[in-house]
Structures are given as C-alpha cells and as structure tokens.
Amino acid sequence: MAAAFVEAPINPSSTSNGAPAALPVPSYASRYKYLALAFPHTHVLHVELNRGPVNAFNEEIWREYNDAFGHIGQDPSVRVVVLSSRMKKVFSAGADLASLQSPPTASEPVRRTFVLRSWLGEFQHAIGAPSRVPQPVLAAVHGVAFGLGLELIAACDVRWAAADAVFSIKEVDVGVPADLGALARLPKLVGNASLMRELAYTARNFGAEEALQLGAVSKVVAGSREDVIAAVLGLAREIAGKSPVAISGTKRFLTHALDHSVEDALEYQATWGGILVQGKDLIESAAAVARGQKIEYEDMGQVPQLGRAEL
C-alpha cells in the first residue's frame, strides 16, 4: 500500500502563502473519523487520536483503531509508527463511560456472559493492536492519560512522556478492575511491582517522573504536546533509517521473549536468525560500514503481524 498525496494540513511548516503544507498520507487514512494519519517523514507514520474533546474511547473509535493498525501492519512504506493525540491538553481520558452503559446483551445470564466476553475480547484485541504490527510503535504522551489512555500506551514499544503528563490506573474508581491491558502488560514491563500495585489499588494520579520511576515510560521530555511529539518523531526517524528487516526481527524477538524462557527464546532466535543472516541487508550493511557510507534499505514488502500463530 503506497502512500497517497492528499491535502492533510497538520504539518507545522507552512507553504509560501502561509497555509499549512500538505503531508503525504496512506491510502487508507480516509477510512477514519477519529484518527488522523500522515507521513511527517519518510517511512514514519504519525497516528493521532482525534475524538474531541478528550479522546474518550467508544466502540466506534476502538474499531477504527484496530482497523487502522491492521492496515499499518501490512503497509511496507511504514517502518515506524508514532502514536499521539491531537487534543491540546489530553492524550486520552479513557473509556467513554456513557457508551459502556449499553453493551451487547442476551436474554439470560449464561448467554449474556458469552456475548459480553466476546465483545470485551474484541475491545482488548483492538487496544493491543500496536503490539501485533511488525513495526515499532512509539507513544508520545502529554496531558491526561487516564485508564484506557494508559492501556493504549502499554501496548506500544517505546513510551515517552511530556513533563505535563498525568497518569492514572483509574478503573477501580468506577467500580471495575482495569481489563483492557494495563494489568496484563504493565506487570511484565515495569520494574517496581509494589508501586504498580499501589497505583492500581488507589487509582491516584501520578506524574511523568513517577511514571519514569515505575518504568511505564522511558523518558520525560520537558514541555508539553509539541515538545514530546517532536522528540519522538526524531527517535522514529533514527529507527526508520535502519534495516527494516533488522528492526522487525528485533521486535519479533523481544515480543516472543516476554513470555518464554531464555532457552526457548534462544532456540526461536536461532531459527529466525538462520533465515535473516541470508538476507542482503547484512551483506550490504557490512559493505557500507567498510566504505564509511550510509545505506538506503529496501522496503520489507508485506509481512505477517505478530499474532500468536506467528510466535
């Protein structure tokens, strides 16, 4: 799926007449009402949450989100994804509670349980979509990231926060445990189990520095929305310049290792590594290093997402 050039006036730079410059967008960008997709740099796709006023997730946006990452995962022109929010002071305030008042139902308890479990499973699958695409997904978080907002970034590969970011595992304050990914992914990612449980039990707000202490983010960027997005886009450009074979393979190895033993991971990596070392990227990279030159790598072509079957 090649990127198509259409008017997408979200570029901070301007044309000669003062209007925002158009950015190239992927051909599937027009499918979405609540997501804005554009290429600010070659091979770097910027995905912005865009459901005002606070990016509260109802079923329409989470189905869009899942669909978008389904297309992204099969788009060879995308090597890195940056996820952020268009809202000035909010990344996401979480789930749209009004929309949760009327979930799908059935006539009696057992059937109702099956229906609700299936629906919730689809919701969970959508929020976890960034973890399944072969490209790294980098989250640029600013302002409020409550409940589902934190669950969104838990499925991302790298998480940087603006200094003004405020987080909360908010679900216990509305009578339920967090069940869309925070309590499944964060315990595997963070380095402070005691703090993780404290935050989950109390639902208290915590800032960017405490999120860094927890391990929920890896860097705090001074400033707010524009500053963290610029910083993460810079990181994305650096990654996008590397071999897409090496980057996709690295994500695959890291994802597999999360829930496998060291021995299993090494065996898995030996199998995949035996394939990857035969590729031209290794040969061309070695030659470029020897000559002191920079290499432009060929696109990947369509690759399978990192679903359970591929692991």
Side-chain angles (χ1 to χ4, degrees), residues 1-3 26-28 37 39 41-47 66-83 124-139 153-159 181 184-185 188-189 218 232 235-311:
M1 299 181 185
S27 58
Y28 44 89
L37 281 65
F39 286 100
H41 307 294
T42 304
H43 299 307
V44 175
L45 181 64
H46 190 187
V47 177
N66 187 58
D67 186 82
F69 275 98
H71 282 85
I72 290 166
Q74 299 179 58
D75 186 344
S77 68
V78 179
R79 297 187 185 178
V80 187
V81 181
V82 172
L83 176 66
Q124 292 173 331
H125 186 80
I127 300 307
S131 69
R132 296 189 300 275
V133 297
Q135 307 96 330
V137 181
L138 319 181
I153 69 170
C156 296
D157 296 275
V158 177
R159 300 165 295 279
R185 291 188 173 90
K188 297 176 181 291
L189 303 176
S218 56
V232 174
L235 176 63
R237 289 185 70 181
E238 178 183 355
I239 296 170
K242 301 184 184 300
S243 160
V245 171
I247 295 298
S248 180
T250 297
K251 177 166 181 174
R252 182 176 291 274
F253 286 2
L254 289 169
T255 301
H256 178 272
L258 272 177
D259 56 3
H260 289 78
S261 69
V262 172
E263 291 76 12
D264 286 345
L266 287 171
E267 182 176 358
Y268 177 85
Q269 291 169 22
T271 301
W272 274 93
I275 299 169
L276 299 178
V277 296
Q278 301 177 63
K280 69 176 185 178
D281 284 21
L282 176 60
I283 298 169
E284 292 178 354
S285 296
V289 169
R291 295 192 302 266
Q293 297 176 338
K294 183 175 175 60
I295 188 170
E296 294 292 334
Y297 294 100
E298 183 181 336
D299 286 344
M300 281 279 287
Q302 292 190 9
V303 295
Q305 297 196 22
L306 305 186
R308 180 61 51 185
E310 285 81 37
L311 293 178

Practice problem: Evaluate side-chain contact (heavy atoms from CB on, under 4.5 Å) for I127 paired with Q124, printing each intermediate quantity in order. | Solution: CA-CA 5 Å; I127 300 307; Q124 292 173 331; 6.0 Å; no
Self-check item: Working for side-chain contact (heavy atoms from CB on, under 4.5 Å), residues L282 and L276
Solution: CA-CA 8 Å; L282 176 60; L276 299 178; over 6 Å; no
Exercise. For the pair V245 and Y297, evaluate side-chain contact (heavy atoms from CB on, under 4.5 Å) and give the outcome as yes or no after the intermediate values.
Key: CA-CA 9 Å; V245 171; Y297 294 100; over 6 Å; no
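Atom CG in L138 sits 10.5 Å away from atom CZ in R159 (nearest 0.5 Å). Rounded to the nearest 0.5 angstrom, Y28 OH and L37 CG are separated by 6.5 Å. One distance of note links CG of D299 with OG of S77; it measures 7.0 Å at 0.5 Å rounding. Rounding to the nearest 0.5 Å places CD of Q269 at 8.0 Å from CG of L254. Here NE2 of H260 is found 10.5 Å from CD of E267. Values are rounded to the nearest 0.5 Å. To the nearest 0.5 Å, the span separating NE2 on H71 from CG on L45 amounts to 12.5 Å.
Here the closest non-hydrogen pair linking I72 and V47 is CD1-CG2, 3.9 Å. The heavy-atom pair separating T250 from A246 by the smallest distance is OG1-O, 2.7 Å. Closest heavy-atom contact between D281 and S243: OD2-OG, 2.5 Å. The nearest pair of heavy atoms linking A155 to G128 is CB-CA, 3.9 Å. Closest non-hydrogen pair, V133 versus F69, comes out as CG1-O, 3.3 Å. Residues D259 and H256 come closest through the heavy atom pair OD1-O, 3.3 Å.
In this structure, the side chain of K251 engages the main chain of Q135 through a donor-acceptor pair within 3.5 Å. A side-chain donor-acceptor contact under 3.5 Å links D157 to the backbone of V137. H46 places no side-chain N or O within donor-acceptor distance of the main-chain N or O of F39, the cut-off being under 3.5 Å. Side-chain atoms of R132 come within 3.5 Å of backbone N or O of H125 as a donor-acceptor pair.
Residue pairs meeting the salt bridge (Lys or Arg N to Asp or Glu O under 4.0 Å) criterion with at least one member in residues 270-280, sequence neighbours excluded: K280-E298. Screening residues 283-295 for salt bridge (Lys or Arg N to Asp or Glu O under 4.0 Å), with sequence neighbours left out, gives no hits.
Ring pair Y268/W272 is tilted by interplanar angle, where 30° to 60° counts as tilted.
The shortest distance between side-chain heavy atoms of T255 and S131 does not fall below 4.5 Å. The closest side-chain heavy-atom distance from I247 to P136 is below 4.5 Å. Taking 4.5 Å as the limit, every side-chain heavy atom of P26 sits out of range of all side-chain heavy atoms of V78.
The 12-atom threshold is not exceeded at CD of E296, counting heavy atoms of other residues, nucleotides or ligands nearer than 6.0 Å.
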